[in-house]
Amino acid sequence: MIVAAGLTPAWQQIVVLERLRHGEVNRAREVHWCASGKVLNVGIALAHLGATAETISLVGGPPAQAIEAEFSRLGVSRRWVQTSAATRVCTTILEADTGTATELVENASAVTPDELAEFHAAFRESARSADVVILTGSLPAGTPANYYRDLIAGIEARVIIDGRGPELTAALAEKPFLVKPNREELARTIRREISTDEELIVAMRELNAAGARWVLVTQGGGAAWLTSAEKCVRFEPPQITPVNPIGSGDSLAAAIGWSLDGGEDVPRAVQVGIAAGVENALYLLPARLSADAVIGRANTVMMQSVP
């Protein structure tokens, strides 16, 4: 059983243009709407992979009805905590001529202490029966930085955190199984620039020393790095021409959880996860994965242990 949990979902508009021209009228070639945001992407990806999983998130306002309708249509197990604040709406602009993706991101609104407490209770109830927990996304405005730490305190499941900054730093005290910032997020978390691979590995090992059993750092379509106290592994994904890269990190996190729940070791789970991220980028809507395609692509992800 896998629990995907997060507090900042989104209702997503995807607009396909020939080319984005600033200061001009831009007419869309295609427009699509879908449930998105990190936690919803993880939940949708898990469902498409065939995992036994539940998604827990905050939802509110008119987008909540659209998100529920889509999760019902897709058959995704979910548990919503209703909020007085409306779920944010974000926009992805894809340029057909250049392959460029531009994100217009609305920050998540603040939620009340009672809503945070209700989410905490729902999460803890579901996490008791989970083997893997994927905690993903930023915190709503005004949420205490130790909220993730308190969520996972004492739970037995292997915890994957896709986060950054003070909330990630605080959560390290509870020794999460794996944390997954990208390179920029890692630099923001440790509060210094990372210019070389050697500096990257040093920074990752700082998170290992602070409590994370495994640290995975992604770099878009570039190499990914995995460290523990004893191991360092470099992964090289295959090069593709992406259709829409949004949701690739979320698909990666979902496939890692799915693989761990299926008994794979961590390097293999990461290899499968990277394959899922690559597969996701080949489709217009995020996280609509094929398990067979992900497994078939996994062996194209090169994996090398680094001394």
Side-chain angles (χ1 to χ4, degrees), residues 2-10 35-46 49 51 53-58 90 103 105 108 119 123 127 130 132-140 143 145 147-149 151-152 155 157-172 174-190 203-204 207-208 210-220 224-227 235 237 245-261 266 269-270 272-278 280-281 286-287 289:
I2 304 170
V3 169
L7 292 85
T8 51
S36 190
K38 297 182 77 65
V39 60
L40 302 189
N41 288 339
V42 171
I44 291 168
L46 286 169
L49 291 169
E54 180 180 52
T55 300
I56 304 174
S57 191
L58 302 173
C90 299
E103 278 287 281
V105 177
F119 183 92
F123 173 84
V132 176
V133 165
I134 303 172
L135 192 57
T136 184
S138 57
L139 295 175
T143 303
Y147 188 79
Y148 278 174
R149 183 200 68 193
L151 279 182
I152 65 174
I155 69 172
R158 288 170 289 181
V159 176
I160 298 170
I161 300 178
D162 185 354
R164 65 184 187 274
E167 56 262 43
L168 175 58
T169 301
L172 295 176
E174 292 299 326
K175 303 188 184 309
F177 185 76
L178 184 147
V179 300
K180 193 197 80 64
N182 61 34
R183 188 173 183 136
E184 178 186 358
E185 291 168 340
L186 177 61
R188 290 167 60 186
T189 300
I190 64 170
M204 293 170 68
L207 300 194
N208 290 132
R213 183 169 174 184
W214 295 90
V215 177
L216 172 64
V217 173
T218 56
Q219 303 179 95
W225 293 83
L226 175 73
T227 63
F235 300 85
I246 304 305
S248 286
D250 311 322
S251 297
L252 186 156
I256 290 174
W258 172 59
S259 297
L260 291 174
D261 195 45
V266 175
V270 170
V272 173
I274 293 171
V278 172
N280 173 79
L289 300 174

Considering all heavy atoms of both residues, which atom of Leu172 and which atom of Ala212 are nearest to each other, and what is their separation? CD2-CB, 3.8 Å

Quick check: does any side chain N or O of Ser248 sit under 3.5 Å from a backbone N or O of Gly277, one acting as donor and the other as acceptor? yes

Between Val270 and Trp214, is any pair of side-chain heavy atoms under 4.5 Å apart? no

Measure the shortest side-chain to side-chain distance between Thr8 and Val39 over non-hydrogen atoms and say whether it is less than 4.5 angstrom. no

If you take all heavy atoms of Ile246 and Pro286, which pair is closest and at what distance? O-CB, 3.4 Å

Side-chain (Glu185) to main-chain (Asn182) donor-acceptor, under 3.5 angstrom: yes

Using the salt bridge (charged side-chain N to carboxylate O under 4.0 Å, His left out) criterion, which residues pair with Arg158? Sequence neighbours excluded. none

Output yes when a side-chain donor or acceptor of Ser57 lies under 3.5 Å from a complementary backbone atom of Gly6, and no otherwise. yes

Take Lys180 and Leu252 through the test side-chain contact (heavy atoms from CB on, under 4.5 Å) and record every step on the way to the result. CA-CA 10 Å; Lys180 193 197 80 64; Leu252 186 156; 3.5 Å; yes

Any heavy-atom pair between the side chains of Ile152 and Ile161 that's under 4.5 Å? yes

Could you check whether any side-chain heavy atom of Tyr148 comes within less than 4.5 Å of a side-chain heavy atom of Leu139, counting everything from C-beta outward? yes

Counterpart residues, side chain to side chain donor-acceptor pair (under 3.5 Å), relative to Thr227 (two or more places apart): Asn208

Considering all heavy atoms of both residues, which atom of Ala254 and which atom of Ala45 are nearest to each other, and what is their separation? CB-CB, 3.6 Å

To check you understand the geometry: which heavy-atom pair defines the closest contact between Ala276 and Leu289, and what is its length? O-CD2, 3.7 Å

Answer yes or no: is there a side-chain heavy-atom contact under 4.5 Å between Val42 and Thr55? no

Output the distance between atom CD1 (Ile160) and atom CD1 (Ile2), rounded to the nearest 0.5 Å. 8.0 Å

For Leu186 against Pro181, the heavy-atom pair lying closest together: N-CB, 3.9 Å

Are the side chain of Thr136 and the backbone N or O of Lys38 linked by a donor-acceptor pair below 3.5 Å? no

Is any side-chain heavy atom of Ile134 less than 4.5 Å from a side-chain heavy atom of Trp258? no

What I'd like to find out is whether the side chain of Val159 reaches to under 4.5 Å of the side chain of Glu174, using heavy atoms alone. no

Mind listing the closest non-hydrogen atom pair of Arg149 and Ala171 along with its distance? CB-CA, 3.9 Å

Which value, rounded to the nearest 0.5 Å, describes the distance between Phe119 atom CZ and Ile56 atom CD1? 6.0 Å

Using a 3.5 Å distance criterion without hydrogens, assess whether the side chain of Asp162 forms a donor-acceptor pair with backbone atoms of Gly137. no

Side chains of Leu216 and Val266, heavy atoms from C-beta outward: is any pair under 4.5 Å? no

Residues that Ser36 engages under side chain to side chain donor-acceptor pair (under 3.5 Å), provided they are two or more places apart: Asn41

